[in-house]
> 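I am attaching a structure below and will ask some questions about it afterwards.
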Amino acid sequence: MASPKAPESLVERVLVTEEQITARVAELGASIAHDHQGRDVRLITILRGGLIFLADLCRAIDLPLQVDFMAVSSYVGGRPGVVRVTKDLDDSIEGASVIVVEDIVDTGLTLNYILRMLKERQPATLEVCTLLDKDVRRIVDLPITYRGFSIPDRFVVGYGLDVNGLYRNLPFVATVRDEALAGAG
Ligand code: 5GP
């Protein structure tokens with residue numbers, strides 16, 4: 001199967017290779033399975049960035065589990081940390097062991113808002129699994145239970161992360177050239 005390729009004008013440097021992602025996702029899946037035996041596991045993903053990670057992660061977790069999706073638009077009225085839910089979960093999470101599966105946590109403001117909202121719905125446990133963690137940019141302290149890779153403060157693309165809606169299908173994570181970001185929203 002041919003893998004999607006990125007133009008040289010976009011990619012500055014590959015930060016995490018496809019092989020590294022595959023190996024780490026397997027490790028994260030094994031840890032999650034080990035920690036959640038016998039629980040009502042729900043993987044919740046915020047569309048659209050987390051989609052690819054979720055698809056691979058859920059197949060690396062050897063447990064019965066359910067997936068559900070939420071979509072948000074950030075930031076309402078330009079206020080960081082205030083998000084509007086554009087698609088809510090389909091199912092109740094009361095009493096469930098919820099793991100929010102994220103592609104990347106940057107400032108943490110979006111996830112912080114979502115976690116507060118989910119907590120009110122009284123899950124048994126509420127955890128976070130993120131593939132990428134830009135921890136140097138963190139503004140709010142978040143409990144991240146499962147972390148794929150810590151990355152530097154650079155805008156990245158691939159494996160679910162987009163530039164202007166494109167390139168989510170790249171199988172690796174790469175930093176983006178400044179020129180390619182000029183004008184990107
Ligand atoms: P936060 O609220 O943590 O600052 O922002 C989280 C959201 O910003 C992520 O879910 C993602 O959509 C977007 N984001 C943050 N950093 C990056 C990045 O390096 N690349 C891309 N494509 N999106 C990012």
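Ligands are counted one by one from 1 in listed order, and the atoms in each one are counted from 1 as well.
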> Who passes salt bridge (charged side-chain N to carboxylate O under 4.0 Å, His left out) against R39, sequence neighbours left out?
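Applying salt bridge (charged side-chain N to carboxylate O under 4.0 Å, His left out) to R39 gives none.
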> Below 4.0 angstrom from a heavy atom of T110, which ligand 1 atoms are there? Numbered from 1 as shown, please.
1 (P), 2 (O), 5 (O)
> Would you please determine whether R137 falls within less than 4.0 Å of ligand 1 on a heavy-atom basis?
no
> So, E12 and T175: side-chain donor and acceptor under 3.5 Å apart, yes or no?
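Short answer, yes.
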> A side-chain contact here means heavy atoms from C-beta on lying under 4.5 Å apart; do L57 and V101 qualify?
yes
> For V156, run the side chain to side chain contact (heavy atoms under 4.5 Å, CB included) check against I104, V163, V16, D103 and tell me which one passes.
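Single side chain to side chain contact (heavy atoms under 4.5 Å, CB included) partner of V156 among I104, V163, V16, D103: I104.
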> At a 4.0 Å threshold, what atoms of ligand 1 neighbour a non-hydrogen atom of D106?
1 (P), 3 (O), 4 (O), 5 (O), 15 (C), 16 (N)
> Short list, please: which atoms of ligand 1 are under 4.0 Å from a heavy atom of L161?
21 (C), 22 (N), 23 (N)
> Answer yes or no: is there a donor N or O on one side and an acceptor on the other, between the side chain of K134 and the main chain of R154, under 3.5 Å?
yes
> Which of the atoms in ligand 1, numbered in the order shown and given with their element, are less than 4.0 Å from a heavy-atom of D103?
10 (O)
> Can you list every side chain to side chain donor-acceptor pair (under 3.5 Å) pair that touches residues 58-68, not counting sequence neighbours?
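Matches after skipping sequence neighbours: D56-R59.
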> Regarding atom 16 (N) of ligand 1: of the candidates R48, R168, K134, which has the closest heavy atom?
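Among R48, R168, K134, the closest heavy atom to atom 16 (N) of ligand 1 belongs to K134.
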> Side chain or backbone, does G108 bring an N or O within less than 3.5 Å of an N or O on ligand 1?
yes
> Considering only heavy atoms of R154, which atoms of ligand 1 have at least one such atom less than 4.0 Å away?
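Result: 19 (O).
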> Out of T130, I104, L109, N112, whose heavy atom sits nearest atom 13 (C) of ligand 1?
I104
> Return yes if a side-chain donor-acceptor contact under 3.5 Å exists between N169 and Y159, otherwise no.
no
> Hey, does V156 come in under 3.5 Å of ligand 1, counting only N/O atoms on both sides?
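Yes, V156 has an N/O under 3.5 Å of an N/O on ligand 1.
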